[in-house]
Amino acid sequence: MDASASSSPLPDAPWRRKFQRQILAWYAGAARHLPWRENRDPYRIWISEIMLQQTQVATVRGYFQRFIAAFPMVADLAAADEAEVLRLWEGLGYYRRARQLHAAAQEIVAEHDGQFPRDFDDVLALPGIGRYTAGAICSIAYDAQAPILEANTIRLHARLLAYREDPTKTPGQRLLWQFAEHILPTSDVSSFNQALMELGSEICTPRNPQCDACPVATLCQARQENAVAQIPAPKKKMQYEDRVEVAIVVRRKKEVLLRQCGEGERWAGLWDFPRFQVASEADLVSGQLASQLQERTGLSAAIGSRLTTIKHGVTRYRITLHCHEAERASGRLRKDETAPLVWAAVDQLHDFALSTTGRKIARLLAK
DNA sequence: AACACGGGGAC
DNA sequence: GTCCCAGTGTT
């Protein structure tokens, strides 16, 4: 690397022009057809961007189609019940996104006359929309000159610059946001930003990137340094914590007991079978489970046989969930303002938004 | 700066 | 199994 290049990591104007040209030309022939690329409706772009947060394109496709069919416009979403929104979000995870989406739609109706805002700062002020999502919506829908930085472009830019530190830490983020802004063209920002993500997603992949097919390989510093495989630096290994939990299916004739998860807890707003942690497998004693159930629901019941055991992960926890039936419930349901309890008919469980484990249990009961 | 928040795709 | 995914909000 020469002295002028090392004085600043940010490229000069000729480099930028070439980069923009190559990126846009490549994207013109390589863009995937995705449901949210059918038009430039900011509402649709917004829905897709929220769904795509920490969620892969392949997973989002079906959810997006169903969601748009149910709520074609902002006003439809704003007018819906939160329960309906959550039901359509079931299985996608990060359910706060759905609730903030719903709240934002109502805010748009109340404060922006039902029109998705045009101004970057107004977009950024909506719940669930941060710097990336605001930039993505405004650039993609309006061609606003707003930079973006997310998983694909973090990796892409780190390689272009041969940035060897962790690009997700504060210094890396500062540099890469600056870079993302620096390379923006003066027109076609919509295509340009989407092209960057497409390139990161399809060519500049985490493992075995297809540098041979990359339109900007000659501009890539990591490639020149033969360090593509070492950049970005591997993240610290996630330290998982094993947990044992129990879910109780309390039956009363053709009904089962459900509990709505409260604010500030996991799956807030969703329904689930009464569920709690136990210290270890050794504590799966029916007496202890019964008293836990009594404490949480007010009901006394005998813990019955094990329905199933589900292993799943939630953020940093690896959970082994033992599901037991409970019969002959007696006593009065506890009135709990923060987490309502209801009896739900087994054949109506499809109307409730359940966590994925809850849905697995529900499916067993329907058989 | 560190953490919580879900679930599944891909290898 | 492990890593990763078109991040945001809170502490």
Side-chain angles (χ1 to χ4, degrees), chain A residues 31-32 34-37 44-64 86 89-101 103-104 123-141 146-157 166 168-174 177 180 190 193-202 204-208 232-242 261 263-270 272 310-319 321 353-360:
Chain A
R32 287 169 294 176
L34 299 173
W36 45 91
R37 287 182 177 163
R44 292 168 58 105
I45 309 288
W46 170 45
I47 303 299
S48 74
E49 288 302 336
I50 301 298
M51 286 188 170
L52 286 161
Q53 288 171 4
Q54 295 292 287
T55 311
Q56 295 179 178
V57 167
T59 305
V60 167
R61 277 181 182 271
Y63 280 91
F64 178 81
L86 283 173
W89 206 271
E90 185 187 294
L92 253 192
Y94 287 146
Y95 299 95
R96 185 177 58 178
R97 293 182 294 175
R99 310 179 74 200
Q100 289 180 314
L101 199 62
V123 174
L124 184 61
L126 293 169
I129 296 184
R131 186 177 180 184
Y132 160 73
T133 303
I137 296 170
C138 291
S139 62
I140 295 172
I148 56 161
L149 190 65
E150 41 62 74
N152 294 305
T153 44
I154 289 171
R155 182 174 58 253
L156 174 68
H157 296 344
D166 185 340
T168 66
K169 298 293 187 190
T170 301
Q173 289 286 295
R174 185 163 50 238
W177 272 110
S190 176
N193 278 344
Q194 292 183 82
L196 294 176
M197 293 190 279
E198 195 89 345
L199 187 60
S201 160
E202 303 303 298
C204 197
T205 48
R207 281 168 304 210
N208 307 317
K235 287 189 235 177
K236 269 212 321 270
K237 263 185 70 169
M238 181 63 123
Q239 211 46 277
Y240 291 104
E241 183 181 328
D242 288 322
C261 303
E263 306 295 326
E265 78 179 293
R266 221 152 51 197
W267 299 305
L270 274 68
D272 204 356
I310 300 170
K311 285 182 183 291
H312 70 117
V314 180
T315 62
R316 54 180 287 260
Y317 302 101
R318 305 324 260 304
I319 300 170
L321 177 66
L354 302 178
S355 67
T356 292
T357 51
R359 184 59 64 194
K360 283 179 179 160

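From a predicted model like this one, the values you see are computed outputs, not experimental measurements. Just so it is clear: chains get the letters A, B, ... in the order the sequence lines come, proteins before strands, and each one is counted from 1. Below, each value reflects all heavy atoms present in this structure, side chains not excepted, and no hydrogens, waters or symmetry copies.
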**Student:** Under 4.0 Å, counting only non-hydrogen atoms across every strand here, what does A:Ile129 touch: a base, just sugar-phosphate, or nothing?
**Tutor:** sugar-phosphate
**Student:** Answer yes if the side chains of A:Gln53 and A:Tyr132 hold a donor-acceptor pair under 3.5 Å, and no otherwise.
**Tutor:** no
**Student:** Base, sugar-phosphate, or nothing: which does A:Pro234 touch, judged by heavy atoms less than 4.0 Å apart?
**Tutor:** nothing
**Student:** Go through DNA chain C in 5' to 3' direction and return only the first and the last nucleotide with some atom under 4.0 Å of chain A's heavy atoms.
**Tutor:** C:dT2 to C:dG9
**Student:** For the residue pair A:Leu270 and A:Trp89, establish whether any side-chain heavy-atom pair is separated by less than 4.5 Å.
**Tutor:** no
**Student:** Which is true for A:Gln194 with a 4.0 Å heavy-atom rule: it touches a base, it touches only sugar-phosphate, or it touches nothing?
**Tutor:** nothing
**Student:** Select base, sugar-phosphate, or nothing to describe what A:Arg61 touches, counting heavy atoms under 4.0 Å on all strands.
**Tutor:** nothing
**Student:** Judged by each residue's nearest nucleotide on DNA chain C, which is more toward the 5′ side, A:Glu198 or A:Tyr240?
**Tutor:** A:Tyr240
**Student:** Would you call the rings of A:Trp267 and A:His312 parallel, tilted or perpendicular, taking 30° and 60° as the class edges?
**Tutor:** parallel
**Student:** Students often get this wrong, so: under 4.0 angstrom with heavy atoms, is A:Trp89 touching a base, only sugar-phosphate, or nothing?
**Tutor:** nothing
**Student:** Should A:Trp267 be listed as having a side-chain N or O under 4.0 Å from OP1 or OP2 of B:dG7?
**Tutor:** yes
**Student:** Between A:Ser201 and A:Glu198, does a side chain to side chain donor-acceptor pair (under 3.5 Å) hold up when you go through it step by step?
**Tutor:** CA-CA 5 Å; A:Ser201 160; A:Glu198 195 89 345; 5.7 Å; no
**Student:** When rounded to the nearest 0.5 angstrom, what distance separates CD1 in A:Ile310 from CG in A:Leu321?
**Tutor:** 5.5 Å
**Student:** Could you list, one pair per line, each protein nitrogen or oxygen that sits under 3.5 Å from a nitrogen or oxygen of nucleotides 9-11 of chain B, together with the distance?
**Tutor:**
from	atom 1	to	atom 2	distance (Å)
B:dG9	O4'	A:Gln56	NE2	3.0

**Student:** With heavy atoms under 4.0 Å as the rule, sort A:Arg318 into base, sugar-phosphate or nothing.
**Tutor:** base
**Student:** Reckon A:Arg316 has a side-chain N or O less than 4.0 Å from the OP1 or OP2 of B:dA4?
**Tutor:** yes
**Student:** Ignoring hydrogens and angles, state whether a donor on the side chain of A:Thr315 or A:Arg266 is under 3.5 Å from an acceptor on the partner side chain.
**Tutor:** no
**Student:** Pick the nucleotide of DNA chain C nearest each of A:Ser48 and A:Lys237; which residue has the one closer to the 5' end?
**Tutor:** A:Lys237
**Student:** Rounded to the nearest 0.5 Å, what separation is found between the OG atom of A:Ser139 and the CG atom of A:Leu196?
**Tutor:** 9.5 Å
